[in-house]
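Take a look at the structure set out below.
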Amino acid sequence: MEAYYSSRRKDRCSRIKAAIILELALLFAVGFIYADGIWDSGNAIPAVSRDGYIKWVDFNVSYEALCRAYEYDIDTYGAEIHLDWIDLLAYAASKNGGDFGVDATEDIHTFAERLLSGETTVEKTAEDMKYFSYYREAYEAVLGGFVGEYEIQETEGGPFVKKYGLKAFLPIAKGFEYSDYDDFGVSRSYGYRRQHLGHDMMGQVGTPVIAAESGYVEALGWNQYGGWRIGIRSFDGKRYYYYAHLRQNYPYRDSLKEGDVVTAGDVIGYMGHTGYSQKENVNNIEEVHLHFGLQLIFDESQKEGNNEIWVDCYNLTRFLYKNRSEVHKVQGTKEWVRTYDMRENRAEQEKMKRERESGVPETETEGQEPETGV
């Protein structure tokens with residue numbers, strides 16, 4: 001009997017040792033794969049689908065990094081070497097695995113000075129950093145409509161002046177106070193348990209809500225979670241802006257409808273606290289605020305469902321505070337309108353929209369002059 005139990009103990013010990021060895025082998029394999037993915041630049045392995053499009057983005061770019069990269073872009077515009085702020089941000093992300101800690105702004109500075117001195121180029125850097133192209137594409141999807149050339153009035157009704165710089169706007173009109181904090185990912189329970197995939201900006205009922213970027217109205221109407229809401233798609237199709245909990249009875253600017261084109265800085269609606277009800281036009285949200293969301297779309301299959309990509313907009317709104325649209329009341333109505341009109345290259349916008357819908361890039365006609373429209 002003792003020999004039997006001794007044999008059982010030995011057998012059990014052998015199985016335990018085998019299990020431990022197998023577990024260590026699996027851990028080693030996982031570690032090797034992870035190390036292989038980050039060895040060159042300290043990057044986390046990016047999420048890319050088998051079809052080749054990005055399926056997840058953690059947008060952790062700090063306010064300080066956004067400002068530093070933007071300043072280099074603006075300061076070098078028109079110079080022999082023009083630095084693209086998204087290139088600078090992609091470099092910092094590639095170097096630090098998407099982490100934008102205290103060293104990120106210095107990394108941006110160092111890379112920018114190396115580019116300006118001719119020591120290196122963006123193309124050479126991209127070859128040496130395994131995930132530069134991933135971060136470049138991801139950040140282009142987030143920030144692609146923020147900076148560029150545009151025309152704007154500097155006096156009400158005055159001539160349009162050509163400019164280069166920040167052409168996206170804070171979603172709250174100038175002169176209207178609001179408060180906010182980083183609430184991305186906070187739990188929500190109405191309907192079902194879920195995370196908060198947007199940024200709340202608290203203010204007063206009727207505060208004019210501004211189009212952050214130019215695009216076309218893709219959704220308009222009632223949603224039981226967002227109440228009266230507006231969904232605006234950028235012309236390149238990569239960004240979907242979601243403005244929710246708009247004012248009861250008068251949520252949108254007059255005559256706004258699906259399919260309309262809006263320009264960055266336009267008044268599109270008014271802050272309220274509608275939502276959390278299957279019945280339309282109900283104020284079931286306790287605090288008056290704008291829910292501002294930004295969804296990234298690399299493939300149309302990501303538009304709705306389990307593959308949606310929403311990014312934290314807290315630092316983006318801090319950055320967009322630099323550019324607030326001035327508005328004035330239309331006497332005798334509930335309407336507010338922008339004071340200084342802006343226009344972009346409408347021909348380029350329509351071209352981006354056609355390319356997105358057809359999936360085929362268009363070639364420009366040689367020598368053709370670009371059109372500019374309102």
Side-chain angles (χ1 to χ4, degrees), residues 145-180 199-217 220 227-232 234 241-274 283 287-292 313 316-346 349 372-374:
F146 280 42
V147 175
E149 296 177 339
Y150 62 98
E151 295 179 86
I152 196 166
Q153 295 172 322
E154 294 184 329
T155 59
E156 187 174 356
F160 285 88
V161 179
K162 291 184 179 180
K163 293 196 174 187
Y164 178 88
L166 185 57
K167 58 178 183 174
F169 288 80
L170 186 79
I172 302 294
K174 185 176 182 179
F176 290 82
E177 297 301 318
Y178 70 94
S179 62
D180 66 343
H199 180 60
D200 288 345
M201 309 176 77
M202 282 65 73
Q204 296 183 339
V205 172
T207 294
V209 173
I210 302 299
E213 183 185 347
S214 300
Y216 60 94
V217 179
L220 190 76
W228 294 122
R229 92 306 188 201
I230 303 171
I232 294 177
S234 63
Y241 294 94
Y242 183 68
Y243 308 81
H245 307 311
L246 302 179
R247 182 173 59 185
Q248 187 181 47
N249 298 323
Y250 204 92
Y252 317 123
R253 84 175 187 204
D254 187 37
S255 75
L256 188 70
K257 62 185 183 302
E258 287 187 19
D260 281 356
V261 170
V262 297
T263 301
D266 284 353
V267 176
I268 56 174
Y270 303 95
M271 186 185 293
H273 54 118
T274 58
N283 283 331
E287 190 166 21
V288 175
H289 71 278
L290 169 69
H291 171 104
F292 176 62
C313 293
L316 287 178
T317 54
R318 290 180 65 197
F319 179 71
L320 290 175
Y321 192 88
K322 298 173 181 289
N323 202 25
R324 301 188 68 179
S325 184
E326 189 168 332
V327 300
H328 60 270
K329 187 83 180 292
V330 179
Q331 295 301 318
T333 73
K334 295 182 178 181
E335 287 288 315
W336 292 77
V337 295
R338 70 186 303 161
T339 302
Y340 307 116
D341 284 336
M342 187 182 92
R343 60 190 186 191
E344 300 178 76
N345 190 327
R346 179 60 60 79
Q349 293 170 342
T372 303
V374 177

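- Nearest approach of His199 to Met201, heavy atoms of both residues: CD2-CG, 3.6 Å.
- One distance of note links CG of Asp260 with OG of Ser255; it measures 6.5 Å at 0.5 Å rounding.
- Here the straight-line distance linking atom CD of Glu287 with atom OG of Ser179 works out to 6.5 Å at 0.5 Å rounding.
- Using a 4.5 Å heavy-atom threshold, the side chains of Tyr178 and Leu290 count as separate.
- Atom CG of Leu246 is separated from atom CZ of Arg229 by 10.0 Å, given to the nearest 0.5 angstrom.
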Stepwise side-chain contact (heavy atoms from CB on, under 4.5 Å) check, Ile268 with Tyr252
CA-CA 6 Å; Ile268 56 174; Tyr252 317 123; over 6 Å; no

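- The shortest side-chain heavy-atom distance between Val217 and Lys257 does not fall under the 4.5 Å cut-off.
- Atom CD in Glu344 sits 10.0 Å away from atom OH in Tyr150 (nearest 0.5 Å).
- At a threshold of 4.5 Å between non-hydrogen side-chain atoms, the residues Asp254 and Lys334 do not count as touching.
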Working note: Met202 + Val288, criterion side-chain contact (heavy atoms from CB on, under 4.5 Å); need CA distance, chi angles, decisive distance, verdict.
CA-CA 6 Å; Met202 282 65 73; Val288 175; over 6 Å; no

Would you sort out whether Glu335 and Tyr270 count as a side-chain contact (heavy atoms from CB on, under 4.5 Å), showing the intermediate values?
CA-CA 9 Å; Glu335 287 288 315; Tyr270 303 95; 3.2 Å; yes

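- A centroid separation of 6.0 Å or more is found between the aromatic rings of Tyr250 and Trp228.
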For residues 206-213, tabulate all N or O donor-acceptor pairs below 3.5 Å that involve a side-chain atom, not counting sequence neighbours.
| unit_1 | atom_1 | unit_2 | atom_2 | d |
| --- | --- | --- | --- | --- |
| Thr207 | OG1 | Gln204 | O | 2.9 |
| Glu213 | OE1 | Arg239 | NE | 2.8 |
| Glu213 | OE1 | Tyr241 | OH | 2.6 |
| Glu213 | OE2 | Arg239 | NH2 | 2.9 |

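- In terms of heavy atoms, His328 sits closest to Thr339 at ND1-OG1, 3.0 Å.
- Annotation: side chain of Thr317 is not in contact with side chain of Ile172 (no heavy-atom distance under 4.5 Å).
- Residue pairs meeting the salt bridge (Lys or Arg N to Asp or Glu O under 4.0 Å) criterion with at least one member in residues 261-270, sequence neighbours excluded, are Arg253-Asp266, Asp266-Arg338.
- How far CD of Glu258 is from OH of Tyr216: 11.0 Å, rounded to the nearest 0.5 Å.
- Remark: aromatic rings of Tyr242 and Phe292 are distant, center separation not under 6.0 Å.
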Hey, mind stepping through Lys163 and Ile152 against side-chain contact (heavy atoms from CB on, under 4.5 Å) and telling me if it holds?
CA-CA 8 Å; Lys163 293 196 174 187; Ile152 196 166; 4.1 Å; yes

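- Salt-bridge check for Arg343 with Glu151: passed, with a basic side-chain N closer than 4.0 Å to an acidic carboxylate O.
- A distance-only check finds a donor-acceptor pair linking the side chain of Arg324 to the backbone of Phe176 [under 3.5 Å].
- The CG atom of Asp200 sits 3.5 Å away from atom NE2 of His289, with the distance rounded to the nearest 0.5 Å.
- Qualifying side chain to side chain donor-acceptor pair (under 3.5 Å) partners for Ser325, counting only residues two or more places apart in sequence or in other chains: none.
- Heavy atoms only, all atoms of each residue included: Ser214 and Ala264 are closest at OG-N, 2.9 Å.
- The closest donor-acceptor contact from the side chain of Gln153 to the backbone of Asp341 lies under 3.5 Å.
- Contact of the Asn323 side chain with the Leu170 side chain is not registered, since no non-hydrogen atoms from C-beta on lie closer than 4.5 Å.
- Using cut-offs of 30° and 60° for the angle between ring planes, the His245 and His291 rings count as perpendicular.
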